[in-house]
*Asks:* 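Quick one: structure below, then a few questions.
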Amino acid sequence: MGFPNGYETGTFLALDMGGTNLRVCEVILPEEKGEFDIIQSKYRMPEELKTGTADELWGYIADCLQQFIEYHHEGEELDQLPLGFTFSYPASQDYIDHGVLQRWTKGFDIDGVEGKDVVPPFEEALKERGVPIRLTALINDTTGTLIASAYTDTEVKIGCIFGTGCNAAYMENCGSIPKLAHMNLPPDTLMAINCEWGAFDNEHVILPRTPYDVVIDNESPRPGQQAFEKMIAGLYLGELFRLVLVDLHDNKEIHIFEGQDIGTLRKPYSLDASFLSAVEDDPFENLSETHDLLASKLSLRATKPELELCRRLAELIGTRAARLSACGVAAICKKKNYETAHVGADGSVFNKYPHFKARGAQALREIFDWDPKKGSKSARDPVEIVAAEDGSGVGAALIAALTIKRVQEGQLAGIKNAGAMLKGTKAEKQPEEQV
């Protein structure tokens, strides 16, 4: 509920539960504005855990946190350390410190967790092991990206993820949030909104879809969901490319990869976004790197026209993804009447896909009709998409800090069990200090 001011201080933990690794961070916020120090460790998420029991999952996470504390604070007498938990699975986050999981993604399928509040069993696992940690905030990585980026750059008003999936977060006035009307909060009070915009146009009435988009949706685990995400996220870019090439090959009037075995190409999701990145990044006029890539990855011998088609196809898919992503940013700017803003963006597509940033910037210029000729050559666009800070680490720790600060100030809206929030922490012992 509000941006950091850059002067938050204290020591906080952050926990980031991804599909492959569990990341534990200790974030120290010094007195210098917008600065932070971070210590972090990664722990592998065992495959068997992903289909095990809920108790095994929370027990393993608590064990990792215990190892981290013992390694970095051996022999120290510690206060309860506030923890921000980045739990980026679709959830109903109705309160600051608890959330009901709606469904597992990223390969997880653990019984007894969906539809349940994930916090009590996690806290119980910590308590059993005597780990000095107070779970303070449960966050989505996109909200963390917004807060972490705003901490170091006061012009940031939106946080975005353009990676395997896509999402955005921004700050809204509580008076504009109908579902919070019953809380009678001052209308100008700020509240972070996790847009979950990957689900935009699930009804398929706005975005123009190609036949290949329809196939991706129909053959996905959840048809009719995440319509926007399926057109722009890294998980689907390679599959779009593959579907087009298979369709062209099977159209006998087109004669692509004629007389060759495309068995490997027929395997769904055999190409990822890095394949398209490599095609777009090929610096040679004869596209020799693309030629070698098709040979090594797909056992295909491509002619010059076929190579040029692959390059153009990759450009079209990558350009559409960037321009649609910019539409989402522009929609928030228009809703909030932002004339200038920085947008903190993270994710593998934003960071690694060739020309994604430039194409997104060009789309914003066209949407807002900015004239690039105005001012000098170094003139910056009014809304800029910039590299974000670490949302799931630093962002989670900052949200824990802001939550503690709210409790100290008696602003308890939406906070579950506020009395226990400060118990055993430095903030309880030294209430005049932030934490």
*Asks:* Indicate the atoms forming the closest heavy-atom contact of A400 with G84, along with that distance.
*Replies:* CB-N, 3.9 Å

*Asks:* Measure the acute angle between the ring planes of F36 and Y151, then classify it against the limits of 30° and 60° as parallel, tilted or perpendicular.
*Replies:* tilted

*Asks:* What pair of heavy atoms forms the shortest contact from L398 to A148, and how long is it?
*Replies:*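 Distance-wise, the nearest heavy atoms are CD1-CA, 3.8 Å.
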
*Asks:* Report yes or no: is the cationic atom of K157 (NZ for Lys, CZ for Arg) under 6.0 Å from the centre of the six-membered ring of Y170, at an angle within 45° of the ring normal?
*Replies:*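 So K157 doesn't make the cation-pi contact.
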
*Asks:* Output all residues satisfying ring-ring contact (aromatic ring centres under 6.0 Å, His included) with F162, sequence neighbours left out; order by chain, then residue number.
*Replies:*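 So F162 forms a ring-ring contact (aromatic ring centres under 6.0 Å, His included) with F356.
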
*Asks:* In the structure I gave you, are the side-chain heavy atoms of D217 and Q226 within less than 4.5 Å of one another anywhere?
*Replies:* no

*Asks:* Do other residues, nucleotides or ligands put more than 12 heavy atoms under 6.0 Å from the CZ atom of R266?
*Replies:* yes

*Asks:* Measure from the side-chain N and O atoms of Q225 to the backbone N and O of P223, and report whether any donor-acceptor pair falls under 3.5 Å.
*Replies:* no

*Asks:* What I'd like to find out is whether the side chain of N5 reaches to under 4.5 Å of the side chain of K405, using heavy atoms alone.
*Replies:*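 In contact.
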
*Asks:* Indicate whether the side chain of Q362 and that of R359 have a donor and an acceptor atom separated by less than 3.5 Å.
*Replies:* no

*Asks:* With side chains defined as the heavy atoms from C-beta onward, is the minimum distance between L287 and E308 less than 4.5 Å?
*Replies:* yes

*Asks:* Which atom pair, heavy atoms only, marks the closest approach of E289 to P283?
*Replies:* OE1-CD, 3.5 Å

*Asks:* Is a side-chain donor-acceptor pair under 3.5 Å present for N194 with E196?
*Replies:* yes

*Asks:* Does any donor atom in the side chain of D55 or T53 lie under 3.5 Å from an acceptor atom in the other side chain?
*Replies:* no

*Asks:* Is there a side-chain contact between L15 and I61, using heavy atoms and a 4.5 Å cut-off?
*Replies:*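 Of all side-chain heavy-atom pairs linking I61 with L15, at least one is under 4.5 Å.
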
*Asks:* Aromatic rings F275 and F241: how do their planes relate, parallel, tilted or perpendicular, breaks at 30° and 60°?
*Replies:*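 Aromatic pair F275/F241 classed tilted.
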
*Asks:* Which atoms form the tightest heavy-atom contact between S348 and T164, and what is the distance?
*Replies:* OG-N, 4.0 Å

*Asks:* So does L185 get a backbone contact from the side chain of T189, meaning a donor-acceptor N/O pair under 3.5 Å?
*Replies:*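 No.
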
*Asks:* Between D201 and V205, is there a donor-acceptor pair closer than 3.5 Å when you use the side chain of the first and the backbone of the second?
*Replies:* yes

*Asks:* Can any side-chain N or O of E280 pair as donor or acceptor with the backbone N or O of P354 at less than 3.5 Å?
*Replies:*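 It does not hold such a pair.
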
*Asks:* Let me see the working for L309 and L245 under side-chain contact (heavy atoms from CB on, under 4.5 Å), right down to the final yes or no.
*Replies:* CA-CA 9 Å; L309 182 145; L245 290 185; 3.8 Å; yes

*Asks:* Donor-acceptor pair, N173 side chain versus G175 backbone, under 3.5 Å?
*Replies:* no

*Asks:* Between T142 and N167, do the side chains contain an N or O donor and an N or O acceptor separated by less than 3.5 Å?
*Replies:*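 There is such a pair between these side chains.
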
*Asks:* Is any side-chain heavy atom of W197 closer than 4.5 Å to a side-chain heavy atom of V329?
*Replies:* yes

*Asks:* For the residue pair V27 and T11, establish whether any side-chain heavy-atom pair is separated by less than 4.5 Å.
*Replies:* no

*Asks:* Mind checking whether D141 and D16 have side chains closer than 4.5 Å, heavy atoms only?
*Replies:*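 Side-chain contact under 4.5 Å: no.
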
*Asks:* Where is the tightest heavy-atom contact between A168 and I332, given as atom of each residue plus distance?
*Replies:* CB-CD1, 4.1 Å

*Asks:* Quick one: salt bridge (charged side-chain N to carboxylate O under 4.0 Å, His left out) partners of E56, sequence neighbours excluded?
*Replies:*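 E56 satisfies salt bridge (charged side-chain N to carboxylate O under 4.0 Å, His left out) with no residue once adjacent residues are dropped.
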
*Asks:* Enumerate the side chain to side chain donor-acceptor pair (under 3.5 Å) contacts for residues 33-45, please, sequence neighbours excluded, ordered by first and then second residue.
*Replies:* R23-Q40

*Asks:* What I want to check is whether the side chains of T210 and D213 have a donor and an acceptor closer together than 3.5 Å.
*Replies:* yes

*Asks:* Could you tell me whether the side chain of D381 and the main chain of V383 form a donor-acceptor pair under 3.5 Å?
*Replies:*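 No, D381 side chain to V383 backbone: no donor-acceptor pair under 3.5 Å.
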
*Asks:* Using atom types as modelled and distance alone, determine if a side-chain donor or acceptor of S149 lies under 3.5 Å from a backbone N or O of L146.
*Replies:*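 Not confirmed, S149 side chain does not pair with L146 backbone.
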
*Asks:* Output the distance between atom CG (L313) and atom CZ (R242), rounded to the nearest 0.5 Å.
*Replies:* 12.5 Å

*Asks:* Are the side chains of M17 and L57 in contact, using a 4.5 Å heavy-atom criterion?
*Replies:* yes

*Asks:* When you measure from the side chain of R209 to the backbone of M231, do you find a donor-acceptor pair of N or O atoms at a distance under 3.5 Å?
*Replies:*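 Here the side-chain-to-backbone pair does not exist.
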
*Asks:* So, taking the atom named CG in L293 and the one named OG in S288, what distance separates them when rounded to the nearest 0.5 Å?
*Replies:* 11.0 Å

*Asks:* Does one side chain, of K230 or S220, offer a donor that lies under 3.5 Å from an acceptor on the other?
*Replies:* yes

*Asks:* What closest approach, in Å, do L294 and A302 show between heavy atoms, and which atom pair accounts for it?
*Replies:* CD1-CB, 3.7 Å

*Asks:* Does T86 reach the main-chain N or O of S392 with its side chain, forming a donor-acceptor pair under 3.5 Å?
*Replies:*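 Checked: pair present.
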
*Asks:* Between E123 and R134, does any NZ, NE, NH1 or NH2 come within less than 4.0 Å of an OD or OE carboxylate oxygen?
*Replies:* no

*Asks:* Could you walk me through whether E124 and W58 pass the side-chain contact (heavy atoms from CB on, under 4.5 Å) test, one step at a time?
*Replies:* CA-CA 9 Å; E124 188 59 36; W58 303 124; over 6 Å; no

*Asks:* Describe, in one word, how the ring planes of F122 and F85 are oriented to each other, choosing from parallel (under 30°), tilted (30 to 60°) and perpendicular (over 60°).
*Replies:*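 The rings of F122 and F85 sit tilted, inter-plane angle from 30° to 60°.
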
*Asks:* Check whether D282 reaches the backbone of T290 with its side chain - one donor and one acceptor, N or O, closer than 3.5 Å.
*Replies:* yes

*Asks:* For the pair W370 and F368, name the ring-plane relationship: parallel under 30°, tilted 30 to 60°, perpendicular over 60°.
*Replies:* parallel

*Asks:* Any chance CD of E339 has more than 12 other-residue heavy atoms, nucleotides or ligands included, within less than 6.0 Å?
*Replies:* no

